[in-house]
Every structure is written in C-alpha cells, then in structure tokens.
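What follows is a single structure, written as structure tokens, with notes after it.
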Amino acid sequence: MCGGEPRGAAQAVERRTVDKPTHLIEFETMLLGRHLQPGAIRSRRGGHLDRSAYTLLSRIRLEGPMSIGQLSEAFGLDASTLNRQTAAMLRAGLVERIPDPDGGIARKFRITGAGERGLDAEREANISGLERVMAEWSPDEVADFAAYLKRFNSDIEHLDGRPWPRP
C-alpha cells in the first residue's frame with residue numbers, strides 16, 4: 001500500500017502525471033535537482049563547497065566584485081539570505097570585503113585565492129562526475145544535451161529577467 005491506496009492505483013496516478021512531454025520534463029528536472037545535490041555524482045576527490053557558495057562564487061568570478069544589493073538583484077534573494085550566505089563564505093575565507101572599485105559606498109565581495117581554489121576543485125569534481133555519467137554518450141549527444149540545457153536555462157532567465165553571464 002502507498003499512502004492508503006493500492007500500489008497499482010498509485011502507479012496509475014504517477015503515470016498520468018508524466019503523460020505529456022512537459023510533465024516528463026518536470027519530473028526529470030526534479031530528479032536532476034536531486035542528482036545534483038552536493039556529492040551525488042562527483043568523484044571522491046574534491047568538492048567541499050555547499051551549493052549556495054558554489055553558485056555565489058561562480059557568479060562573482062564571472063562578474064567581478066559584487067555588493068549585497070547586486071547579488072540580491074542577480075539571484076532574486078532577499079538581503080538577509082545573502083548576508084547569511086556571504087557571512088559563511090567570509091568565515092571560510094572564500095571571499096573578502098573590499099571597497100567598491102568604482103567608488104560607490106557599498107562594500108563588495110571579492111573571491112579570494114582560497115575561494116578560487118575551492119571553486120576550481122568543486123567544478124573539477126562535478127565535471128568528473130558528469131563525465132562518468134555520460135561515458136557511454138557520443139560527443140554529439142553530449143553537445144546536443146549541452147545546447148538544449150543552455151537554451152532551457154536561457155529561456156528561464158529571459159522570463160525571469162535575470163540573465164546569467166556566460167563565459
């Protein structure tokens with residue numbers, strides 16, 4: 001029994017939830033989020049950043065030093081959430097606070113050498129895990145998947161009004 005329903009009834013309900021391509025995409029992206037949790041597919045070496053630090057450091061690396069206000073605008077998060085996340089990164093030595101290089105009054109966060117090394121190790125571990133998962137894929141399949149994923153993310157960013165800078 002599953003939640004009081006016979007098992008067959010629960011499976012029939014689940015099948016109905018994925019009977020359209022968009023339903024299947026929703027289900028598969030839910031699973032993707034689960035698989036991309038820290039440590040899920042990465043190799044045994046490297047990878048010690050939590051997801052928020054990894055994402056914030058990635059953005060700061062692409063954009064350069066950013067203030068809490070800029071981070072709030074970029075991520076659509078309130079300042080209190082970002083204050084907690086950046087405070088943890090400051091304590092870990094991943095970022096440092098600096099005066100605004102453009103002369104503004106807000107202080108900005110700049111990635112440190114330790115932050116660069118941590119981000120590089122995390123990214124290498126994630127890429128190694130992805131390469132293990134896609135070891136049997138052809139180069140064309142990997143490239144096609146990357147292109148569709150980029151388009152999917154770009155369309156979300158467009159609708160949200162928060163484009164992510166790309167290298």
Hey, quick one: are [X] and [Y] part of the same hydrophobic cluster, counting side-chain heavy atoms closer than 4.5 Å, chains of contacts allowed?
| X | Y | result |
| --- | --- | --- |
| Ile156 | Phe75 | no |
| Val133 | Val142 | yes |
| Leu82 | Leu62 | yes |
| Ile98 | Met66 | no |

Gap between atom CZ of Arg151 and atom NE2 of His158 - 0.5 Å precision: 12.0 Å
Return the CZ to CD distance between Arg51 and Glu122, rounded to the nearest 0.5 Å. 10.0 Å
Between Arg166 and Glu157, is there a side-chain N and carboxylate O pair less than 4.0 Å apart? yes
Salt bridge flag under 4.0 Å for residues Asp155 and Lys150: no
Is a side-chain donor or acceptor of [X] paired with a backbone partner of [Y] at a separation under 3.5 angstrom?
| X | Y | result |
| --- | --- | --- |
| Thr112 | Gly115 | yes |
| Arg97 | Arg107 | no |
| Glu63 | Ile60 | no |
| Glu116 | Ile111 | no |
| Glu28 | Ile25 | no |
| Arg61 | Leu57 | no |

CA sep, side-chain torsions, deciding dist, call: Tyr54, Leu119, side chain to side chain contact (heavy atoms under 4.5 Å, CB included): CA-CA 6 Å; Tyr54 182 73; Leu119 185 56; 3.5 Å; yes
Considering all heavy atoms of both residues, which atom of [X] and which atom of [Y] are nearest to each other, and what is their separation?
| X | Y | result |
| --- | --- | --- |
| Glu136 | Glu141 | O-OE1, 4.4 Å |
| Pro101 | Pro65 | CG-CG, 4.4 Å |
| Gly93 | Ala114 | O-CB, 3.6 Å |
| Arg123 | Ser58 | NH2-OG, 3.0 Å |

Under the side-chain contact (heavy atoms from CB on, under 4.5 Å) test against Gln85, which residue among Leu90, Leu56, Thr55 passes? Leu56
Against Thr86, only a single residue in Leu94, Ile68, Thr81 fulfils side-chain contact (heavy atoms from CB on, under 4.5 Å); can you say which? Ile68
Side chains of Asn83 and Ser80, donor plus acceptor under 3.5 Å: no
Do Arg84 and Ser52 pair up side chain to side chain, a donor and an acceptor below 3.5 Å, judged on atom types alone? no
Around atom CD1 of Ile105, are there more than 12 heavy atoms of other residues, nucleotides or ligands at under 6.0 Å? no
Is any side-chain heavy atom of Met134 less than 4.5 Å from a side-chain heavy atom of Leu130? yes
Would you say the side chain of Asp100 lies within less than 4.5 Å of the side chain of Ser67, judging by non-hydrogen atoms? no
